[in-house]
Amino acid sequence: MPEEILPAATNLAVTLAWTTGAVVIAYFLGVGVTWAMRRICAHRGWLADIALLTPRPIRAGLMVTGASIALQRSSPADASWRPWVDQSLRIATIATVTWFVAKLVTVVERRMIDKFGGGDTGLTDADLQRRKVRTQLTVLRRLAIAVVVILGLAAALMTFPSFADVGKTLFASAGVLSVVAGLAAQTSLGSVFAGLQIAFTDAIRVGDVVVLEKEWGRIEEITLTYVVVQVWDERRLVLPCTYFTTTPFQNWTRSATEILGTVSLDVDFSVSLDEMRAELDRLLDRNELWDGRSGVLQVVDAVGGTVRVRITVSAPNAGALWDLQCFIREGMVVWLQNSRGGALPRWRFEPAPAPESVPQPRREFSRAGARADHGLFSGSDAAEDRNRAFDGPPDDKQA
């Protein structure tokens with residue numbers, strides 16, 4: 001028995017040494033290959049992106065390949081531990097291939113963005129198409145990676161004999177389509193389909209300015225299941241994709257980034273509207289945020305002792321509009337204080353005249369002490385007595 005264990009242990013040690021050496025050699029070979037790819041393909045578009053994004057899966061693939069070759073050459077095929085080691089190496093090979101393909105999908109996305117959606121993704125009309133393309137490519141990349149991972153898992157399961165028939169059936173049978181369609185009605189996959197709908201119906205794009213849930217912000221990220229909105233105060237609002245397909249919201253940059261805004265002021269009736277318009281023109285001319293499309297001052301109300309003035313201004317985007325509104329509001333307030341102090345709202349009132357003295361009718365009392373209009377109590381002798389007691393002449397009360 002010990003004689004049988006000793007050769008097996010020796011073979012295992014030799015195999016482990018060969019496999020370790022092969023893995024180390026493969027790792028350094030991968031480092032050299034990826035370094036050479038970066039040096040040679042530094043400015044060659046697709047090849048540069050492949051060299052930049054795929055070094056890790058390439059090294060992992062070379063290491064798994066080296067381990068497999070060393071194992072085949074150094075260990076007996078009838079060893080008891082060979083089946084599960086071979087199974088592990090097959091799964092590792094599938095995993096590295098899946099990883100490499102997913103990175104290639106990212107390379108394709110990057111090249112397409114550089115070609116069709118590159119450049120700035122700000123809030124101007126020239127950026128609308130770029131933001132649209134970038135949003136759709138990002139969603140497609142995530143969907144493609146999800147499909148690649150699912151296929152990789154299916155391939156890994158098919159390496160097990162018990163799952164081989166199941167995997168072949170799923171790949172060959174058209175019934176898988178009906179399964180996916182049925183599951184799409186569920187909440188989880190419903191969000192995925194909503195994410196695809198958002199990306200390709202152009203309802204929102206990365207960088208769009210939206211108002212939702214009483215919050216103003218910009219679309220920061222669109223995934224297959226949720227959307228991240230960066231609120232103006234740098235908070236992040238995370239909403240499911242189904243929110244944007246079932247709930248109304250405002251998109252301020254849907255087809256154009258230009259936007260109008262208003263500034264309202266309450267002034268006195270004595271204000272000079274012509275001078276106020278001249279001051280508005282001066283403020284607009286000195287501010288670069290104004291795009292020149294609209295700069296109007298109108299009186300929209302004149303009740304309650306004040307005049308309501310509304311100023312309408314325009315800006316190239318929502319952020320510039322907010323700053324422009326604050327600038328105009330502050331400038332007009334300073335002008336009212338310095339140049340037209342009398343135009344600030346004032347409360348006016350006139351005191352009512354003092355009421356004239358009206359002679360009070362003299363009350364007449366009968367001899368018995370009751371008032372001529374029968375007093376408070378009447379109708380019986382007892383009532384007359386009570387009337388004299390409570391409402392009689394002062395002399396009678398003292399008596």
Side-chain angles (χ1 to χ4, degrees), residues 30 46 49-50 52-65 67-68 83-113 117 133-201 203-204 206 221-228 238-245:
W46 287 84
D49 287 340
I50 292 175
L52 180 64
L53 297 175
T54 61
R56 291 184 179 180
I58 289 176
R59 294 170 191 172
L62 290 175
M63 291 168 66
V64 173
T65 303
S68 300
W84 65 267
V85 173
D86 291 339
Q87 179 72 15
S88 300
L89 289 175
R90 282 193 293 268
I91 294 176
T93 302
I94 294 172
T96 54
V97 171
T98 303
W99 189 7
F100 182 76
V101 174
K103 288 296 184 179
L104 289 181
V105 172
T106 305
V107 170
V108 173
E109 178 210 19
R110 183 166 180 165
R111 298 310 305 169
M112 292 297 102
I113 287 178
V133 171
R134 178 167 293 189
T135 300
Q136 294 177 350
L137 288 174
T138 301
V139 173
L140 280 178
R141 186 256 300 170
R142 288 173 174 150
L143 180 61
I145 290 178
V147 171
V148 169
V149 171
I150 291 174
L151 293 177
L153 290 175
L157 288 176
M158 290 179 65
T159 61
F160 296 94
S162 57
F163 287 95
D165 295 336
V166 177
K168 293 177 182 178
T169 302
L170 289 178
F171 277 118
S173 175
V176 68
L177 297 177
S178 61
V179 173
V180 173
L183 292 176
Q186 304 299 320
T187 303
S188 57
L189 286 182
S191 297
V192 174
F193 279 82
L196 293 175
Q197 180 180 350
I198 289 173
F200 291 97
T201 57
I204 56 175
V206 174
E221 183 181 6
I222 299 177
T223 70
L224 289 176
T225 56
Y226 63 88
V227 176
V228 180
V238 181
L239 297 169
C241 290
T242 52
Y243 176 91
F244 294 90
T245 59

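Position 1 is the first residue of the sequence; numbering continues from there.
For the side-chain hydrogen bond (donor to acceptor under 3.5 Å, both in side chains) test, residues two or more places apart in sequence or in another chain that qualify with Q87 are R90, T159. Evaluation of the side chain to side chain contact (heavy atoms under 4.5 Å, CB included) rule for T65 yields I69 as partners, not counting sequence neighbours. Scanning for side chain to side chain contact (heavy atoms under 4.5 Å, CB included) contacts around A144 gives V105, with sequence neighbours left out.
Taken from CG in L151 to CD1 in I94, the straight-line distance is 11.5 Å, to the nearest 0.5 Å. Atom CG of L53 is separated from atom NZ of K103 by 6.0 Å, given to the nearest 0.5 angstrom. Within the model, atoms CG of L137 and CZ of R111 stand 12.5 Å from one another, a figure rounded to the nearest 0.5 Å. Between the CD1 atom of I145 and the OG1 atom of T98 there is a distance of 11.5 Å, given to the nearest 0.5 Å. Atom CD1 of I222 and atom CD1 of I204 lie 4.0 Å apart (nearest 0.5 Å). Here the straight-line distance linking atom CZ of F244 with atom CD of Q197 works out to 12.5 Å at 0.5 Å rounding.
More than 12 heavy atoms of other shown residues, nucleotides or ligands fall within 6.0 angstrom of atom OH in Y243.
Side chain of R56 to backbone of W99: no donor-acceptor contact under 3.5 angstrom is found.
Contact annotation: the side chain of L104 never approaches that of V108 to less than 4.5 Å [non-hydrogen atoms, C-beta and beyond]. You'll find the side chain of E109 stays beyond 4.5 Å of the side chain of L140, heavy atoms only. A 4.5 Å side-chain heavy-atom check between T225 and P240 finds every atom pair outside the cut-off. In this structure the side chain of T138 reaches within 4.5 angstrom of the side chain of R142, judged on heavy atoms.
Across L89 and A67, no two heavy atoms sit closer than the pair CD2-CB, 4.2 Å. Scanning all heavy atoms of the two residues, the minimum distance from V227 to C241 falls at CG2-SG, 4.1 Å.
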